[in-house]
Structures are given as structure tokens and as C-alpha cells.
Student: 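Here you go, one structure.
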Amino acid sequence: MNILVTGGAGYIGSHTVIELMNSGHQVAVVDNLANSCEKSLERAAEIVGREIPFYKADIRDREGLSGAMKAHEDRTGQAFDCCIHFAGLKSPNESIRIPLEYYDNNITGTQVLLGELIRHGCKNMIFSSSASVYGSPAVIPVTEECPKGQCTNPYGWTKSMLEQILTDLQTADPEWNIVLLRYFNPIGAHESGLIGEDPNGIPNNLMPYITQVAAGRRKELNIYGDDYDTPDGTGIRDYIHVVDLARGHVKALGAIGNKCGLAVYNLGTGRGYSVLEVVRAFEEANGVKIPYIIRERRAGDVAVSYSDPAKAERELGWKAQYGITDMCRDAWNWQRKNPDGLSGR
């Protein structure tokens with residue numbers, strides 16, 4: 001397939017581009033580089049041994065987005081078969097501080113993108129959604145039949161609202177085939193250590209904070225809350241290796257090819273780990289001690305969330321292959337080789 005990847009220079013996007021190309025697909029990346037770096041695509045190209053077509057554009061910029069799509073169509077002589085849509089702001093805690101920016105970027109941007117896809121004759125999309133749409137989950141482990149809940153932050157609401165927009169679009173026009181992939185918590189990095197999670201500023205997610213402490217960039221890890229109703233008092237999440245997650249998108253193209261209409265899948269391992277369990281796993285996997293301090297709970301966090309990924313295995317033939325030790329090892333391999341991130345090379 002000829003695939004448009006929005007946000008393809010980001011953490012999950014760049015890993016997915018590699019898996020797509022290794023599976024024989026043609027790829028073009030559109031990214032505004034707001035929270036990513038073009039060097040990630042240069043590194044990805046190094047891994048796959050081929051150029052990765054890149055167009056700098058913001059999905060809210062209709063003219064710029066359309067120009068990028070046309071340029072690639074002219075370059076390849078064919079229209080896009082599918083769009084894998086990653087582009088969007090993604091920090092739950094940041095979204096509480098700047099909600100309007102999240103609604104503008106994530107929702108307005110996606111509406112512009114959908115209009116341009118229609119104009120360019122593409123009605124297939126794989127959407128980067130999130131387990132945050134379940135809010136505080138009604139059942140654990142979380143299946144796709146679990147009702148969507150009251151989201152605990154604006155980021156989650158943007159994902160929930162966009163799922164509804166995409167559902168309404170597919171109902172109104174059954175020519176659309178849309179797969180909603182609800183991610184749990186991606187961590188880790190490509191085994192080469194060439195690409196990994198490289199956030200701007202202070203990390204909002206657990207693993208890059210741990211690796212930056214291990215690298216000496218930060219004094220200690222902040223753990224937000226040790227009084228949750230969990231065995232050790234810290235929050236429990238389903239952590240999934242980013243390469244497993246990327247391969248889930250490749251498998252989801254099968255559903256698109258089979259004219260799925262609208263399909264929803266959880267992508268997770270089905271195993272929950274507490275924050276302190278992840279810290280211990282990192283220390284054991286890498287022989288590095290992680291000092292930490294307990295802080296007050298953060299607004300918007302839930303106590304426990306982990307998936308039942310059986311539907312993805314049953315219908316897509318996808319199952320996570322990597323365990324928590326692999327995730328910790330590969331995350332540290334990336335950070336150790338790139339102590340200052342991509343900007344350091």
C-alpha cells in the first residue's frame with residue numbers, strides 16, 4: 001500500500017514507518033515537528049536502508065497539507081491507499097493546563113485532514129487512539145466492549161471525540177474503512193538504539209523520566225502518588241514495547257484491506273505493572289539505580305488500567321512479543337547511546 005503517515009517523525013510514528021517499510025509498503029511522512037525531530041526520520045532511513053519521503057506541514061494548514069499530498073502523488077504517480085494518523089498533542093497532564101491548544105490541534109487538525117483525504121480520494125484510516133477513552137475503566141482487564149467513560153483530561157476527551165467523529169463519518173459514508181487503535185502505554189525503543197522516545201523539556205511519561213535519571217540528566221524520579229488502591233500504592237498500567245505497537249499498525253492494514261467498515265482494537269500486553277515495579281525492572285535489567293521521591297497525585301491519573309488484547313490476536317493475528325525486561329533494556333540502550341536525545345548528535 002501507499003500510506004500517508006501523519007506525525008511520522010514522532011516516537012510511535014517513526015517506529016511504525018520502519019515496520020511499514022520493512023513489510024514492503026510505500027510511506028510518506030507529514031509532520032510539523034512541533035514535538036519531534038527530522039533527525040528521527042534520518043535515523044529510521046538508516047535502519048531501513050532507504051529514503052523516507054518527508055513533507056513538513058501542519059495538519060491544520062489545509063493548503064500546506066494538500067500541497068504535501070499532491071507533491072507525493074506526483075512523485076509516485078499514485079494516490080494514497082490509507083492514512084495512519086498519529087499527528088496530535090499527547091500529554092494528558094499538559095492538556096489540563098492548555099486545553100484549547102489540544103482541542104484545536106487534535107480535533108480541528110483531524111477534521112482538516114479528513115477533508116483533504118476525501119478530496120484526494122483516500123477513504124481508509126488507522127487512527128491513533130488511546131486507552132484514556134475508557135476513563136477510569138468500568139472493568140479490568142479492559143476489553144473493547146468496556147464502555148467509554150468520563151475522560152479524566154482534555155487529551156483523553158480529544159481522543160474520545162475523534163473516535164465519535166470518525167464513527168459518524170463511517171456511518172454517513174460506508175465507503176470509509178476506519179480502524180481505531182486504543183493504545184495502552186508504549187515504552188522502549190528500537191533495538192539499534194538509533195531512535196527512541198525523545199520528549200522536549202521535562203518528560204511527561206514514566207520511562208523517559210527514568211532513563212534521563214539513569215543518564216544523570218535529572219536528579220531523581222518523581223512518583224505521583226503512593227496511596228492508590230494497588231498492592232504497592234502506585235498506579236498500575238499496561239506497558240507495551242513501541243515496536244510491538246508499531247507492528248500492530250501493520251497488522252491493522254489487513255482489516256483495512258478486508259473492508260472492515262469500522263473496527264476497534266486494544267493494543268496492550270494484558271499485564272499491568274505498577275510504577276515501582278517498572279522502576280525495579282529497569283534497575284534489574286540494566287544494573288542502574290534509580291533514586292525517586294514520592295509526590296502528591298497528579299490530576300487526571302487513574303489507579304489501574306490494563307488491557308485484554310485478545311480481540312487483536314483473534315482478528316488481526318497480532319500479539320505483543322516483548323516483555324518488561326526487553327522494554328527497559330531497549331529504552332536504556334537508546335538513552336545511553338543518546339544521552340542528550342537526538343539533538344546531541
Side-chain angles (χ1 to χ4, degrees), residues 12 86 88 90-93 95 106 126-167 178-188 204-207 224-225 228-242 244-249 251-252 255 260 262-278 281 297-324 327:
I12 302 172
F86 296 107
K90 64 175 186 175
S91 168
N93 298 296
S95 75
N106 295 5
I126 297 172
F127 176 59
S128 167
S129 192
S130 167
S132 63
V133 302
Y134 296 115
S136 184
V139 295
I140 297 290
V142 183
T143 69
E144 292 82 356
E145 286 69 43
C146 179
K148 289 168 66 174
Q150 287 290 313
C151 296
T152 56
N153 52 70
Y155 161 77
W157 280 119
T158 67
K159 294 296 186 182
S160 185
M161 291 174 185
L162 284 170
E163 284 196 358
Q164 188 61 53
I165 289 169
L166 291 167
T167 300
I178 297 171
V179 177
L180 308 176
L181 295 181
R182 293 174 178 167
Y183 308 163
F184 279 70
N185 293 74
I187 60 175
N204 286 295
N205 296 329
L206 176 62
M207 186 55 73
Y224 295 98
Y228 287 103
D229 186 15
T230 64
D232 64 20
T234 63
I236 292 175
R237 297 291 183 271
D238 186 339
Y239 295 95
I240 176 174
H241 198 295
V242 66
D244 276 330
L245 184 63
R247 290 171 180 167
H249 294 76
K251 290 291 189 180
C260 63
L262 182 85
V264 182
Y265 299 100
N266 288 335
L267 293 184
T269 66
R271 166 75 158 88
Y273 290 90
S274 74
V275 174
L276 286 175
E277 284 180 311
V278 174
R297 293 187 188 188
R298 294 184 302 190
D301 284 348
V302 300
V304 179
S305 179
Y306 62 90
S307 72
D308 178 346
K311 183 180 178 184
E313 181 177 6
R314 186 173 64 250
E315 297 186 8
L316 300 180
W318 174 88
K319 184 177 181 179
Q321 301 299 311
Y322 295 102
I324 192 67
M327 303 178 211

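Below, each value reflects all heavy atoms present in this structure, side chains not excepted, and no hydrogens, waters or symmetry copies.
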Student: Just to verify, what does A299 make a side chain to side chain contact (heavy atoms under 4.5 Å, CB included) with, not counting sequence neighbours?
Tutor: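 Scan of A299 (side chain to side chain contact (heavy atoms under 4.5 Å, CB included), adjacent residues dropped) gives I96.
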Student: If a pair satisfies salt bridge (charged side-chain N to carboxylate O under 4.0 Å, His left out) and one of its residues is in residues 141-155, list it, with sequence neighbours excluded.
Tutor: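 The answer is K148-E163.
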Student: For L181 and A252, work out which heavy atoms get closest and say how close.
Tutor: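 So the two residues come closest at CD1-CB, 4.3 Å.
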Student: Taking all atoms of both residues into account, what is the closest heavy-atom pair of C151 and S160, and its distance?
Tutor: SG-CB, 3.9 Å
Student: Would you check if F127 and L166 make a side-chain contact, meaning some heavy-atom pair closer than 4.5 Å?
Tutor: yes
Student: Which atoms form the tightest heavy-atom contact between Y134 and N266, and what is the distance?
Tutor: OH-OD1, 2.8 Å
Student: Can you list everything that forms a salt bridge (charged side-chain N to carboxylate O under 4.0 Å, His left out) with R314? Sequence neighbours excluded, please.
Tutor: none
Student: Report the residues that fulfil side-chain hydrogen bond (donor to acceptor under 3.5 Å, both in side chains) with R271, sequence neighbours left out, ordered by chain and then residue number.
Tutor: none
Student: Y228 ring centre to R297 NZ or CZ under 6.0 Å, with the angle to the axis within 45°?
Tutor: yes
Student: Which value, rounded to the nearest 0.5 Å, describes the distance between H249 atom NE2 and I12 atom CD1?
Tutor: 7.0 Å
Student: Applying side chain to side chain contact (heavy atoms under 4.5 Å, CB included), name anything that partners S128, two or more places apart in sequence or on another chain.
Tutor: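 Scan of S128 (side chain to side chain contact (heavy atoms under 4.5 Å, CB included), adjacent residues dropped) gives F86, K159, Y183.
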Student: Does any pair with a residue in residues 303-313 pass side-chain hydrogen bond (donor to acceptor under 3.5 Å, both in side chains), and if so which ones, sequence neighbours excluded?
Tutor: D238-S307
Student: Is it true that a side-chain atom of S95 and a backbone atom of Y155 form a donor plus acceptor pair closer than 3.5 Å?
Tutor: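 Answer holds: yes.
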Student: Is the shortest side-chain heavy-atom distance between T152 and D301 below 4.5 Å?
Tutor: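 No. Closest side-chain heavy atoms not under 4.5 Å.
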Student: Can you name the side-chain hydrogen bond (donor to acceptor under 3.5 Å, both in side chains) partners of Q321, sequence neighbours left out?
Tutor: none
Student: State the OG-NZ distance between S130 and K90, to the nearest 0.5 angstrom.
Tutor: 11.5 Å
Student: When rounded to the nearest 0.5 angstrom, what distance separates OG in S136 from CD in Q150?
Tutor: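 These two atoms lie 11.0 Å from each other.
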Student: Between atom CG of L316 and atom SG of C260, what is the distance when rounded to the nearest 0.5 Å?
Tutor: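 Here the interatomic distance stands at 9.0 Å.
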Student: Please confirm whether the backbone N or O of M161 pairs with a side-chain atom of Q164, one donor and one acceptor, at under 3.5 Å?
Tutor: no
Student: Partners of A246 by side chain to side chain contact (heavy atoms under 4.5 Å, CB included), sequence neighbours excluded?
Tutor: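 Scan of A246 (side chain to side chain contact (heavy atoms under 4.5 Å, CB included), adjacent residues dropped) gives H15, T16, E19.
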Student: Once rounded to the nearest 0.5 Å, what's the spacing between atom OG of S132 and atom CG of N153?
Tutor: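 Taking OG in S132 and CG in N153, the distance rounds to 6.0 Å.
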Student: May I have the step-by-step check of side chain to side chain contact (heavy atoms under 4.5 Å, CB included) for E315 and Y265, ending in yes or no?
Tutor: CA-CA 9 Å; E315 297 186 8; Y265 299 100; 2.7 Å; yes
Student: Taking only residues two or more places apart in sequence or in another chain, which ones pass side-chain hydrogen bond (donor to acceptor under 3.5 Å, both in side chains) with T230?
Tutor: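 side-chain hydrogen bond (donor to acceptor under 3.5 Å, both in side chains) check on T230 returns nothing, list empty.
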Student: Sequence neighbours excluded, which residues qualify as side chain to side chain contact (heavy atoms under 4.5 Å, CB included) partners of N205?
Tutor: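 Partners of N205 by the side chain to side chain contact (heavy atoms under 4.5 Å, CB included) criterion, ordered by chain and then number, come out as E197, P208.
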Student: Does N185 have any side-chain hydrogen bond (donor to acceptor under 3.5 Å, both in side chains) partners at least two apart in sequence or in another chain, and if so, which?
Tutor: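 N185 satisfies side-chain hydrogen bond (donor to acceptor under 3.5 Å, both in side chains) with no other residue.
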Student: I need the minimum non-hydrogen distance between G248 and L267, along with the two atoms involved.
Tutor: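 For G248 versus L267, the nearest heavy atoms are CA-CD1, 4.2 Å.
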Student: Mind checking ring-ring contact (aromatic ring centres under 6.0 Å, His included) for Y224 and listing every partner two or more places apart, or none if nothing turns up?
Tutor: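 Scan of Y224 (ring-ring contact (aromatic ring centres under 6.0 Å, His included), adjacent residues dropped) gives none.
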Student: Taking atom CE of M207 and atom OH of Y239, what is their separation to the nearest 0.5 Å?
Tutor: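 OH of Y239 is found 8.0 Å from CE of M207.
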Student: Have a look at I187 and tell me which of L245, V242, I240, I324 forms a side-chain contact (heavy atoms from CB on, under 4.5 Å) with it.
Tutor: I324
Student: For residues T234 and D232, is any side-chain donor paired with an opposing acceptor at under 3.5 Å?
Tutor: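 There is such a pair between these side chains.
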Student: For residues W157 and G149, report the shortest heavy-atom separation together with the two atoms involved.
Tutor: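 Shortest heavy-atom separation between W157 and G149 comes out as CH2-O, 4.1 Å.
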Student: Shortest non-hydrogen contact from G88 to N106?
Tutor: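 So the minimum-distance heavy-atom pair works out to CA-OD1, 3.3 Å.
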